[in-house]
2 protein chains.
Amino acid sequence: MPDLIHDGDSAAAVSSLRSAVMLLGRRLKHQRVDESLSPTEMSVLGTLARCGSATPGELARKEHVQPPSMTRIVALLEAKGLVRLEPHPDDRRQKRVSQTEQAEAMLAESRTKRNAWLAHLAEGLDEDEWETLRAAAPVLEKLAHL
Amino acid sequence: MPDLIHDGDSAAAVSSLRSAVMLLGRRLKHQRVDESLSPTEMSVLGTLARCGSATPGELARKEHVQPPSMTRIVALLEAKGLVRLEPHPDDRRQKRVSQTEQAEAMLAESRTKRNAWLAHLAEGLDEDEWETLRAAAPVLEKLAHL
DNA sequence: GGGTGGTATTTAGTTTGGGTAATGAGTTAC
DNA sequence: GTAACTCATTACCCAAACTAAATACCACCC
């Protein structure tokens, strides 16, 4: 690992990365598959799809959101029939959240639409640039979860 | 440019990119140099540093924010002594926004602190991964502005 | 067994950062 | 010279997070 703080190139890269991520994030917020679903709600569904099921607390930690926010999000998702809430087998303080088949179908449709939007945006990139980005995607994801 | 919609690998990359960007964006929001400055305000200062000066409307378009929001942001920045507002030389409807020396100093300090945070986060990446990310930074920035 | 401290979730109330609609001033085209 | 358009602003609103406090439960120690 290079010295990220004092190496000039890395410093510039970090700065560039930050502003790009924040700007792109703001734009992505507006690209919703389902108007009634907030970006974080979508993200929670994605997490559930990857992890199977989780407690609200685990979800809050994974999404880097405070527990009360996750309570609200889970409640809204349940009201829409996208997640199921069951009592935790071992600990009656906790609950188990898992996605429904409906959520799975919506995620599939959502991916198609998101891809269309981002693909449209990425038409402004050349082949090499896209290749760079494709290589970086998993790394960025790892970084985001560290 | 490959077919981003139907190529399976690219579809996965797009999906991964989206969730990573949104999650990382949410986390970055909390890492402020100056507690009294919102992420978008910081971003505006960054844009001004790159572009010299601009009108509120130009800034709104660059940041992908509505004009009224930019009016408020610029007003807050002016109240903090970080930008200067002058009448536009050619068109009396418009104004020219430019950063002050104070803003420049703050940006420098800000970069140091941001780098420290992101560098700390990036300790979990190995050298190759960081190299990948560094190469992707300018591309991501280009994509965000398309 | 009962008290004590800690944890999971929720409720209530607040802040924040953005949006839309409507207004006023200034410019451009006809 | 007026009609149409553009830039910035004002007033109002809304969504989505937060903090603090309440509730329910577990685990440990005596």
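The structure presented is a predicted model; accordingly, all values stated were derived computationally and were not measured. Because only heavy atoms are used, hydrogens play no part in the values below, and waters and symmetry mates are left out as well, while side chains stay in. Chain identifiers are assigned alphabetically (A, B, ...) following the order of the sequence lines, protein sequences preceding nucleic acid strands; residue numbering begins at 1 within each chain.
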Which residue pairs pass the salt bridge (charged side-chain N to carboxylate O under 4.0 Å, His left out) test when at least one of the two sits in residues 46-58 of chain A, sequence neighbours left out?
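Passing the test, one end in residues 46-58 of chain A: no pairs.
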Scan residues 99-110 of chain A for pairs that pass salt bridge (charged side-chain N to carboxylate O under 4.0 Å, His left out), counting only residues two or more places apart or in two chains.
A:Arg84-A:Glu101, A:Glu109-A:Lys113
By side-chain hydrogen bond (donor to acceptor under 3.5 Å, both in side chains) - contacts of [X] (at least two apart):
X        : result
A:Ser43  : A:Glu63
B:Arg92  : none
A:Gln102 : none

Would you call [X] and [Y] a side-chain contact if the rule is heavy atoms closer than 4.5 Å?
X       : Y       : answer
B:Val83 : B:Leu59 : no
B:Leu37 : B:Leu82 : yes
B:Lys62 : B:Cys51 : yes
B:Arg96 : B:Leu85 : no

I need the residues from residues 63-91 of chain A with at least one non-hydrogen atom less than 4.0 Å from DNA chain C; give them sorted by number, or say none.
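The answer is A:Pro67, A:Pro68, A:Thr71.
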Please list, in 5' to 3' order, the outermost nucleotides of DNA chain D lying under 4.0 Å from any heavy atom of chain A.
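On DNA chain D, the outermost contacted nucleotides are D:dA16 to D:dC26.
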Test of understanding: with side-chain contact (heavy atoms from CB on, under 4.5 Å), list the residues that count as partners of A:Ala49, not counting sequence neighbours.
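A:Ala49: side-chain contact (heavy atoms from CB on, under 4.5 Å) contacts with A:Gln99, A:Leu107.
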In a table with atom names and distances, give each donor-acceptor pair under 3.5 Å that connects a side chain of residues 66-80 of chain A to protein atoms at least two apart or in another chain.
from    : atom 1 : to      : atom 2 : distance (Å)
A:Thr71 : OG1    : A:Pro67 : O      : 3.3
A:Lys80 : NZ     : A:Ser36 : O      : 2.7

Taking only distance into account, with no hydrogens and no angle test, what donor-acceptor pairs under 3.5 Å do side-chain atoms of residues 135-146 of chain B form with protein atoms, sequence neighbours excluded?
from     : atom 1 : to       : atom 2 : distance (Å)
B:Glu141 : OE1    : A:Ser16  : OG     : 2.7
B:Glu141 : OE2    : A:Ser19  : OG     : 3.3
B:Lys142 : NZ     : A:Glu129 : OE1    : 3.0
B:Lys142 : NZ     : A:Glu129 : OE2    : 3.1
B:His145 : ND1    : B:Glu141 : O      : 2.9

Going 5' to 3' along DNA chain C, between which two nucleotides do contacts with chain B fall, using a heavy-atom cut-off of 4.0 Å?
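Listing 5' to 3', DNA chain C meets chain B from C:dG17 to C:dT27.
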Where along residues 42-57 of chain A does a heavy atom fall under 4.0 Å from DNA chain D?
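Nucleic-acid contacts, sorted: none.
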